[in-house]
Amino acid sequence: MDEPRVPLPPAPIRWLWIVFGFLCVGLGLLGIALPLLPTTPFLLLATFAFARSSPRLHAWLIGHKRFGPLIRNWNEHGAISRRTKTVSVSVMAVMPALSAGLGAPLWTIGVQILVLSASAAFILSRPGGPH
């Protein structure tokens, strides 16, 4: 189930939504490599922005081979797949040790552990859904 269609705003506002959508896609892509930067919330924001600015970009993101299933699973079921949970929590578990190995200050590792623990708890609390 796609988000309901909303009337498109005037062109200047539509362009702001498009720019915001691409900014969110870019941040989501960065989140793939950066452990404290989430991917999925930014892709969900991009979906929201594209739904309000460009049916073509919205359809592209919803139909994307890699990201489309994650977005549809969340939109339709509020769910995160078992595979996505496993990968996410595994990366989160490794990051404090990697940070320590790279010589990060102890206080930053502590903050990282707190933030990643809260993030992992949220991810694990979501239903698995069909995807």
Side-chain angles (χ1 to χ4, degrees):
M1 173 196 280
D2 287 337
E3 292 180 31
R5 292 280 181 216
V6 295
L8 294 178
I13 303 299
R14 208 167 47 242
W15 279 106
L16 287 174
W17 279 118
I18 289 171
V19 168
F20 179 68
F22 276 116
L23 176 66
C24 289
V25 168
L27 289 171
L29 292 174
L30 280 174
I32 293 170
L34 302 173
L36 287 178
L37 188 65
T39 296
T40 304
F42 285 115
L43 293 178
L44 294 174
L45 282 172
T47 303
F48 178 85
F50 290 154
R52 279 140 190 83
S53 60
S54 171
R56 184 177 59 85
L57 290 171
H58 182 257
W60 165 75
L61 196 52
I62 293 288
H64 192 275
K65 180 182 175 183
R66 173 79 60 199
F67 302 126
L70 295 171
I71 295 166
R72 288 190 306 273
N73 203 17
W74 181 262
N75 284 345
E76 295 170 11
H77 308 286
I80 301 172
S81 72
R82 177 178 286 158
R83 181 181 184 281
T84 301
K85 287 180 185 186
T86 301
V87 170
S88 298
V89 173
S90 297
V91 170
M92 289 180 200
V94 169
M95 291 317 297
L98 179 62
S99 296
L102 292 172
L106 192 55
W107 71 270
T108 60
I109 296 169
V111 169
Q112 190 178 47
I113 289 170
L114 287 173
V115 171
L116 292 174
S117 295
S119 300
F122 175 77
I123 289 170
L124 294 173
S125 73
R126 301 294 91 205
H131 293 119

What is the minimum heavy-atom distance between A46 and G21, and which atoms define it?
CB-O, 3.4 Å
With S117 via side-chain contact (heavy atoms from CB on, under 4.5 Å) - residues at least two apart
I113
Same apolar cluster: L114 and V89, side chain cutoff 4.5 Å
no
Find the distance between OG (S90) and NZ (K85) and round it off to the nearest 0.5 Å.
13.0 Å
The reported gap from CH2 in W74 to OG1 in T40 (rounded to nearest 0.5 angstrom) is 9.0 Å
Listed partners of V19 passing side-chain contact (heavy atoms from CB on, under 4.5 Å), at least two apart:
none
Is any side-chain heavy atom of T39 closer than 4.5 Å to a side-chain heavy atom of L70?
no
For W17 and S53, which heavy atoms make the closest approach, and how far apart are they?
CB-CB, 3.4 Å
With rounding to the nearest 0.5 angstrom, report the CD1 to CZ distance, I32 to R66.
8.0 Å
Path from L106 to V111 over hydrophobic side-chain contacts below 4.5 Å
no
Exercise: identify the closest heavy-atom pair between P41 and P38:
CD-CB, 3.6 Å
If you round to the nearest 0.5 Å, how far is SG of C24 from CG of L29?
11.0 Å
Can you name the nearest heavy-atom pair linking R52 to R14, along with the distance?
O-CG, 4.3 Å
Could you grab the distance from atom CG of L27 to atom CG of L45, nearest 0.5 Å is fine?
9.5 Å
So, taking the atom named CD1 in I123 and the one named CE in M92, what distance separates them when rounded to the nearest 0.5 Å?
3.5 Å
When hydrophobic residues are tied together by side-chain contacts of less than 4.5 Å, even through go-betweens, does I109 share a cluster with V94?
no
Parallel, tilted or perpendicular, as decided by the 30° and 60° cut-offs, for the rings of F50 and F22
perpendicular
All N/O donor-acceptor pairs, side-chain side in residues 98-105, below 3.5 Å, sequence neighbours left out:
{"residue": "S99", "atom": "OG", "partner": "M95", "partner atom": "O", "Å": "3.1"}
{"residue": "S99", "atom": "OG", "partner": "Q112", "partner atom": "OE1", "Å": "2.9"}
{"residue": "S99", "atom": "OG", "partner": "Q112", "partner atom": "NE2", "Å": "3.2"}

Is there side-chain contact between F67 and T47, with heavy atoms separated by less than 4.5 Å?
no
H58 to A51 - nearest heavy-atom pair and separation:
CD2-CB, 3.5 Å
Close side-chain approach of I80 and N73, heavy atoms under 4.5 Å
no
